[in-house]
2 protein chains.
Amino acid sequence: MFDKGLALNMTYIKLSDDDRALMLQQAGLRLTRQRQALAAILFDGTHKHVTAEHVHAAARKKRAAISLATVYNTLHQFTSAGLLREIVIDASRIYFDTNVESHHHFFDESNGRLTDVPASSVAIASLPKPPSGTKIDRVDVVLRVRGKA
Amino acid sequence: MFDKGLALNMTYIKLSDDDRALMLQQAGLRLTRQRQALAAILFDGTHKHVTAEHVHAAARKKRAAISLATVYNTLHQFTSAGLLREIVIDASRIYFDTNVESHHHFFDESNGRLTDVPASSVAIASLPKPPSGTKIDRVDVVLRVRGKA
DNA sequence: ATTTGTGCAAATCGTTTGCATCTGA
DNA sequence: TCAGATGCAAACGATTTGCACAAAT
């Protein structure tokens with residue numbers, strides 16, 4: 001077995017059911033059929049940007065009957081546990097990113113497609129000081145692109 | 001009279017009804033009672049971050065009876081006309097910013113408050129090249145902050 | 001046995017739309 | 001005049017919630 005923290009952030013390592021079971025348990029989440037099915041969909045070793053609908057549809061396709069409400073609950077639980085990261089791009093949809101490393105996004109306005117941008121390729125040279133009494137928690141950079149045509 | 005383009009971006013210049021009427025006309029929008037009322041609420045010389053609800057409530061308070069649907073239509077028209085800028089922070093609400101200059105935002109996660117950050121105080125030293133066939137349209141930086149307490 | 005999770009359907013919330021009616025240029 | 005704007009209510013789509021049932025420790 002390898003380190004879980006590492007596994008989460010490496011795109012090329014295939015995870016086994018056991019690995020995912022361990023992930024959930026370490027996150028303090030009980031091992032339920034639904035969570036395992038959703039984890040299998042989400043954490044397959046590649047990073048994804050998904051909506052609840054996507055996940056629900058994927059579960060259906062795998063013949064795992066999971067209600068949409070449970071999908072939502074689970075995505076939020078995974079997010080609180082640090083296994084997913086929420087990104088807001090479009091006002092009418094929540095995207096969940098399986099990449100929890102610090103990074104940014106390209107958002108293609110013509111087709112709604114979202115692509116990861118490694119944090120290292122966006123160099124932020126200076127930041128203003130936050131309003132008094134607050135500290136910067138996270139910096140989200142969205143590079144909105146559109147076709148040149 | 002002063003230059004309209006300038007007026008839009010200067011926070012300390014008070015605009016008159018006539019100034020706003022001109023703004024609307026230059027944007028190719030007919031001068032209607034509702035648009036004038038909403039423009040008066042939005043473009044009073046200070047920058048604001050508002051939702052349709054905010055604007056609707058403000059109109060009520062001024063005894064200007066404007067339907068919520070019209071508020072939405074108008075905000076979108078103003079946005080297409082370049083008088084407002086849409087910002088997405090929270091998946092469940094569209095914010096409209098009366099500041100259309102290039103700039104960024106602080107978003108306080110504890111109270112949902114949004115604050116402008118001048119573009120000049122965020123220095124982005126390098127950006128990745130966009131996916132082939134696309135060009136970067138806009139860069140949105142959201143500095144998410146929370147109370148230190 | 002007790003706590004935690006799940007499923008369903010109904011509720012909610014912001015936003016959009018269809019359509020009949022008005023109004024500014 | 002008449003294209004464009006408005007208002008209303010109904011439609012919408014994503015998300016959340018209440019509650020009875022089921023499953024995990």
Side-chain angles (χ1 to χ4, degrees), chain A residues 17 20-41 49-60 62-81 83-84 86-96 112 114, chain B residues 17-18 20-41 49-60 63-81 83-84 86-96 112 114:
Chain A
D17 286 341
R20 286 187 287 260
L22 220 49
M23 271 176 64
L24 298 183
Q25 288 180 313
Q26 289 210 230
L29 296 171
R30 280 189 187 173
L31 265 203
T32 68
R33 183 176 56 76
Q34 293 84 342
R35 284 182 187 154
Q36 296 188 87
L38 297 180
I41 290 168
H49 300 106
V50 296
T51 64
E53 281 307 336
H54 293 150
V55 177
H56 191 227
R60 268 180 174 272
K62 285 186 140 194
R63 324 217 160 295
I66 303 177
S67 81
L68 185 55
T70 298
V71 170
Y72 273 106
N73 288 338
T74 306
L75 290 176
H76 286 137
Q77 289 157 354
F78 285 5
T79 302
S80 318
L83 303 178
L84 291 177
E86 251 178 61
I87 28 182
V88 177
I89 297 292
D90 184 314
S92 61
R93 214 184 293 289
I94 300 178
Y95 289 83
F96 293 89
L114 207 54
Chain B
D17 286 341
D18 286 349
R20 285 185 290 259
L22 220 48
M23 271 176 63
L24 297 183
Q25 288 180 312
Q26 288 210 233
L29 297 170
R30 278 192 190 172
L31 264 207
T32 66
R33 183 177 56 75
Q34 293 84 342
R35 285 182 186 154
Q36 295 188 87
L38 297 180
I41 289 168
H49 301 104
V50 296
T51 64
E53 281 306 336
H54 293 151
V55 177
H56 192 227
R60 268 180 173 272
R63 322 215 161 297
I66 304 177
S67 81
L68 185 55
T70 298
V71 170
Y72 274 106
N73 287 337
T74 306
L75 291 175
H76 286 137
Q77 289 157 353
F78 285 5
T79 302
S80 317
L83 304 177
L84 291 177
E86 251 179 63
I87 28 182
V88 177
I89 298 291
D90 183 315
S92 61
R93 213 182 295 289
I94 300 178
Y95 289 83
F96 292 89
L114 208 53

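By convention in this document, chain letters (A, B, ...) are assigned in the order of the sequence lines, proteins followed by strands, and residues within each chain are numbered from 1.
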K.L.:
Pick base, sugar-phosphate or nothing for Leu68(A), based on heavy-atom distances below 4.0 Å to the nucleic acid.
P.N.:
base
K.L.:
Can you name the nearest heavy-atom pair linking Ala59(B) to Leu38(B), along with the distance?
P.N.:
CB-CD2, 4.4 Å
K.L.:
Checking Ser80(A) now: which residues fulfil side chain to side chain donor-acceptor pair (under 3.5 Å) with it, not counting sequence neighbours?
P.N.:
none
K.L.:
Restricting to non-hydrogen atoms, name the atom on Ala52(A) and the atom on Leu68(A) that form the minimum distance, rounded to 0.1 Å.
P.N.:
O-CD1, 4.3 Å
K.L.:
Shortest non-hydrogen contact from Ile87(B) to Leu114(B)?
P.N.:
CD1-CD2, 3.6 Å
K.L.:
Can you see if the side chain of Thr70(B) gets near the phosphate of dT6(D) - specifically, an N or O under 4.0 Å from OP1 or OP2?
P.N.:
no
K.L.:
Of all residues at least two apart in sequence or in a different chain, which pass the ring-ring contact (aromatic ring centres under 6.0 Å, His included) check with His56(A)?
P.N.:
none
K.L.:
So if I define the base as every atom that isn't primed, P, OP1 or OP2, how would nucleotides 17-25 of chain D read as a B/S/- string at a heavy-atom cutoff under 4.0 Å?
P.N.:
B------BS
K.L.:
The criterion is side chain to side chain contact (heavy atoms under 4.5 Å, CB included); which residues satisfy it with Gln25(B), sequence neighbours excluded?
P.N.:
Leu22(B), Leu31(B)
K.L.:
What contact category does His76(B) fall into here, base, sugar-phosphate, or nothing, at under 4.0 angstrom with non-hydrogen atoms?
P.N.:
sugar-phosphate
K.L.:
What does the inter-axis angle of the helix from dA1(C)-dT25(D) to dA25(C)-dT1(D) come out as, five pairs per end, nearest 10 degrees?
P.N.:
30°
K.L.:
Where each residue is assigned the nucleotide of DNA chain C containing its nearest heavy atom, which of Tyr95(B) and Gln34(A) is assigned the position nearer the 5′ end?
P.N.:
Gln34(A)
K.L.:
Do Glu86(A) and Phe96(A) make a side-chain contact, defined as non-hydrogen atoms from C-beta onward lying under 4.5 Å apart?
P.N.:
yes
K.L.:
With sequence neighbours excluded, what pairs up with Gln77(B) under the side chain to side chain donor-acceptor pair (under 3.5 Å) test?
P.N.:
Arg35(B)
K.L.:
Strictly under 3.5 Å: I want the nitrogen or oxygen pairs between protein and nucleotides 10-14 of chain D, one per line.
P.N.:
{"from": "dA14(D)", "atom 1": "OP1", "to": "Arg93(A)", "atom 2": "NH1", "distance (Å)": "3.3"}

K.L.:
Just verifying a value: how many Å separate Thr79(B) OG1 and Ile94(B) CD1, rounded to the nearest 0.5 Å?
P.N.:
8.5 Å
K.L.:
Can you give me the first and the last nucleotide of DNA chain C (5' to 3') that has an atom within less than 4.0 angstrom of a non-hydrogen atom in chain B?
P.N.:
dG14(C) to dA25(C)
K.L.:
Using ring-ring contact (aromatic ring centres under 6.0 Å, His included) as the criterion, list what pairs up with Tyr95(A), not counting sequence neighbours.
P.N.:
none
K.L.:
What pairs with His54(B) under side chain to side chain donor-acceptor pair (under 3.5 Å), at least two apart in sequence or on another chain?
P.N.:
Thr51(B)
K.L.:
Go through the structure and list residues passing side chain to side chain donor-acceptor pair (under 3.5 Å) with Ser67(A), not counting sequence neighbours.
P.N.:
Thr70(A)
K.L.:
Taking only residues two or more places apart in sequence, or in another chain, which ones meet Ala27(A) in a side chain to side chain contact (heavy atoms under 4.5 Å, CB included)?
P.N.:
Leu29(A), Ala81(A), Leu83(A)
